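Here is the structure we will look at.
For clarity, every value in this text was computed on a predicted model and none was experimentally measured.
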Amino acid sequence: LRRVSLLASREPPVGSEEQPVANTNAQTEATPRLFIFGWDCADWDVIEEAWRQERLPWLSSIAQRGQQGTALSTVPPVTALAWTSFLTGKSPGMHGIFGFRAVDSDYQMTPVPGGARKVPTLLQGLDELGYRTCQVTVPWTYPPDRLKNGVIVPGWDAPDESLDSCHPSWVGRELAEIVDRIPRESPVQSDSSDYFARQAENIELREKISSFLIDRLDPQVFIVVYPESDQAVHHMWRRPGIPQALIDTYERIDASMGRLIESHVREGDTVMVVSDHGAQLQQTHVHVGQLLQSGGWLHLADTGPAKAR
């Protein structure tokens, strides 16, 4: 299994309808804050190759000033499961998210959103203690939890890129003054120049949303997840060797993260960079249904909707 990346630094690296109300018993202005930057599908092989090329300076600075390591991802190491485990501290067997889709009694595929999880998130626990939290495009956070002191801009399990899905609703109204959409959809895999232009636009929007909400809320815990590193793997990694364009994508994320750190992280705050799983070149696919059918273990009905028996 590919493993999830963990980087942490205690110091900043060089280089409801109601407004959230903080519980002053839970924290003060001097309380150190936690900033978590998620790089979806980030892989150590790509990161280390970029470092050999003297790129990703912010990530390198965090690693040098703090700690780095690996932690086992979920089984299987898939976005929906892994980010839900990150948010809850539970395994898929406990939180109930096993994939992007599920098969209903009529053998129809139905999407599984974050709201299908069976246990509360760690952020909900912090919310009950009065801590201000902010989650920006964290996967599998739709529909958003009704936090009293927190803000959620759902990730790409939301049905579209509208601002209506944000919680509380004032977030969507205020964001509408600076952005026209939430960057959730992957750029169309067409011409590379168009793809990269859209990718850069999405990263800029994510950064703008993050910066606005940090200033607006001053959260004790802030989380943003960049899905571009995952999207780029599917678009670019089709031959042996690490694509230079994939490293370029990592560098765009690194620069965006760096600007947020430079603008908002104070002395004493903690910065973490995490990933849900890694990535490698994938050259084969196993279609389990076809495999079972070819071995005589799966039979399809002769008439009506296709059903296994």
Side-chain angles (χ1 to χ4, degrees), residues 1-6 38-49 70-88 90-114 116-118 139-140 142 155-157 184-190 192 195 225-243 245-247 249-250 274-309:
L1 293 175
R2 300 301 301 172
R3 297 189 174 213
V4 53
S5 308
L6 285 175
W39 293 32
D40 200 301
C41 196
D43 191 89
W44 277 118
D45 289 348
V46 182
I47 292 170
E48 290 169 354
E49 175 57 32
T70 58
L72 192 66
S73 184
T74 51
V75 180
V78 178
T79 293
L81 289 65
W83 283 117
T84 304
S85 288
F86 165 79
L87 287 171
T88 63
K90 305 292 185 181
S91 68
M94 296 291 289
H95 62 59
I97 302 294
F98 297 99
F100 303 116
R101 294 174 294 275
V103 180
D104 63 20
S105 59
D106 293 323
Y107 285 84
Q108 300 299 309
M109 301 296 291
T110 58
V112 177
R117 63 178 134 73
K118 299 177 180 178
W140 265 249
Y142 178 84
W156 57 271
D157 53 319
R184 295 185 176 115
E185 297 178 2
S186 176
V188 177
Q189 298 184 16
S190 55
S192 292
Y195 179 90
V225 174
Y226 293 89
E228 287 79 17
S229 39
D230 183 288
Q231 297 163 357
V233 166
H234 294 286
H235 181 63
M236 302 168 189
W237 206 340
R238 298 178 178 176
R239 297 181 180 85
I242 297 172
L246 181 56
I247 295 177
T249 298
Y250 276 44
V274 301
S275 181
D276 52 343
H277 56 78
Q280 289 291 295
L281 174 66
Q282 182 173 313
Q283 296 177 298
T284 59
H285 295 269
V286 176
H287 297 279
V288 176
Q290 294 180 9
L291 184 64
L292 293 174
Q293 188 176 8
S294 66
W297 294 292
L298 177 70
H299 303 277
L300 302 180
D302 296 329
T303 60
K307 295 184 178 181
R309 64 168 184 253

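Between the CG atom of Asp157 and the CH2 atom of Trp140 there is a distance of 5.0 Å, given to the nearest 0.5 Å.
Contact detail for Thr84 and Ala80: the closest heavy-atom pair is OG1-O, 2.6 Å. Across every non-hydrogen atom of Tyr142 and Pro113, the tightest pair is O-CB, 3.3 Å. Listed here is the closest heavy atom pair of Asp104 and Asp106: OD1-N, 2.9 Å. Pairing each heavy atom of Ala42 with each of Tyr250, the nearest pair is CA-OH, 3.2 Å. Of all the heavy atoms in Gln231 and Arg184, the pair that sits closest is NE2-O, 4.3 Å.
Looking only at distances, a side-chain donor or acceptor of Asp43 sits under 3.5 Å from a matching main-chain atom of Asp45.
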Using a 3.5 Å cut-off and no angle test, enumerate the donor-acceptor pairs between side-chain atoms of residues 288-296 and protein atoms at least two apart in sequence or in another chain.
unit_1	atom_1	unit_2	atom_2	d
Ser294	OG	Gln290	O	3.3
Ser294	OG	Leu291	O	2.7

Below 3.5 Å, can you tabulate the donor-acceptor pairs from side chains in residues 90-100 to any protein atom, sequence neighbours excluded?
unit_1	atom_1	unit_2	atom_2	d
His95	ND1	Ile97	N	3.0
His95	NE2	Leu81	O	3.4
His95	NE2	Ser85	OG	3.0

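Scored by the side chain to side chain contact (heavy atoms under 4.5 Å, CB included) test, Glu185 finds Glu161 as partners (sequence neighbours excluded). Residues forming a side chain to side chain contact (heavy atoms under 4.5 Å, CB included) with Asp230 (at least two apart in sequence, or on another chain): Asp40, Cys41, Thr79, His234, His277. Under the side-chain hydrogen bond (donor to acceptor under 3.5 Å, both in side chains) criterion, His287 pairs with no residue at all, not counting sequence neighbours. Listed by chain and number, the residues in a side chain to side chain contact (heavy atoms under 4.5 Å, CB included) with Ala232 are Tyr195, Gln199, Met236, Leu246, Thr249 (sequence neighbours excluded).
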TODO: Start with the C-alpha gap between Thr74 and Phe86, add the side-chain angles, then the distance that decides, and say whether side chain to side chain contact (heavy atoms under 4.5 Å, CB included) holds.
DONE: CA-CA 10 Å; Thr74 51; Phe86 165 79; over 6 Å; no
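Under the 4.5 Å side-chain criterion, counting only non-hydrogen atoms from C-beta, Val103 is in contact with Met109.
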